[in-house]
Amino acid sequence: AQKVTQAQTEISVVEKEDVTLDCVYETRDTTYYLFWYKQPPSGELVFLIRRNSFDEQNEISGRYSWNFQKSTSSFNFTITASQVVDSAVYFCALGLYGNKLVFGAGTILRVKS
Amino acid sequence: DGGITQSPKYLFRKEGQNVTLSCEQNLNHDAMYWYRQDPGQGLRLIYYSQIVNDFQKGDIAEGYSVSREKKESFPLTVTSAQKNPTAFYLCASSMGSGGTDTQYFGPGTRLTVL
């Protein structure tokens with residue numbers, strides 16, 4: 001069975017703090033994809049990143065970075081120097097060939113000024 | 001601008017009524033999806049379509065129906081058989097099918113049953 005666990009229901013930080021959102025996935029497939037989406041208060045899901053299971057290189061995009069570790073089945077997301085505009089719900093998702101996306105329950109991030 | 005549009009943004013329904021939620025995309029994507037989101041929960045797949053005139057049930061299809069007569073359109077009907085339809089509904093599309101291509105989402109429709 002495929003499963004995505006985002007153990008942190010809600011995180012609160014003060015602006016400029018760094019914050020890491022955890023994502024742990026379960027699958028027996030050797031080929032799969034991992035995604036992160038951001039859902040601001042407006043409701044629309046915004047795509048952030050897509051990684052395949054063969055690419056374990058960490059990725060950095062501005063203040064965002066992602067750490068993919070197959071050994072621990074984790075795909076964690078770090079925001080450096082958080083800003084109020086980062087406040088949103090963040091979803092991690094697992095995708096497999098011939099199958100649908102499996103979403104985690106999401107982590108609510110609140111960044112206070 | 002390419003993207004996905006959903007209408008209406010807010011919808012109110014009386015019990016026993018069917019309502020149809022619109023989803024249109026101009027991304028030339030083959031696959032389209034409907035998800036339901038309840039407060040504090042992740043997204044659950046209702047229906048998906050990989051090509052025109054074909055669609056498959058997702059995890060929670062009971063009480064819903066869809067059609068895919070055109071590549072760019074994938075309307076969702078919430079029928080009176082859906083026992084608890086109050087939720088946020090999101091439409092998505094992707095170039096290919098399955099869980100490997102990136103899905104892009106519309107702004108959502110918030111349905112409330114009065």
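The chains referred to below are lettered A, B, ... by the order of the sequence lines, with proteins before strands, and numbering in each begins at 1.
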request  = For the residue pair B:Tyr48 and B:Tyr33, categorise the inter-ring angle as parallel (less than 30°), tilted (30 to 60°) or perpendicular (more than 60°).
outcome  = parallel
A:Tyr37, part contacting chain B, at a heavy-atom distance under 4.5 Å =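 The side chain, not the backbone.
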ask   = In terms of heavy-atom proximity below 4.5 Å to chain B, should A:Gln6 be classed as side chain, backbone, both, or neither?
value =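 Neither part; nothing is under 4.5 Å.
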task = Consider only side-chain N and O atoms of B:Glu24 and B:Gln6, and report whether a donor and an acceptor are under 3.5 Å apart.
result =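 Side chains of B:Glu24 and B:Gln6: no pair found under 3.5 Å.
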ask   = Do the non-hydrogen side-chain atoms of B:Leu21 and B:Leu11 ever get within less than 4.5 Å of each other?
value = yes
request  = Measure from the side-chain N and O atoms of B:Asp30 to the backbone N and O of B:Gly96, and report whether any donor-acceptor pair falls under 3.5 Å.
outcome  =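 Side chain of B:Asp30 to backbone of B:Gly96: no pair is present.
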ask   = Between B:Leu43 and chain A, which part of the residue has a heavy atom less than 4.5 Å away: side chain, backbone, both or neither?
value =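 Contact with chain A involves both backbone and side-chain atoms of B:Leu43.
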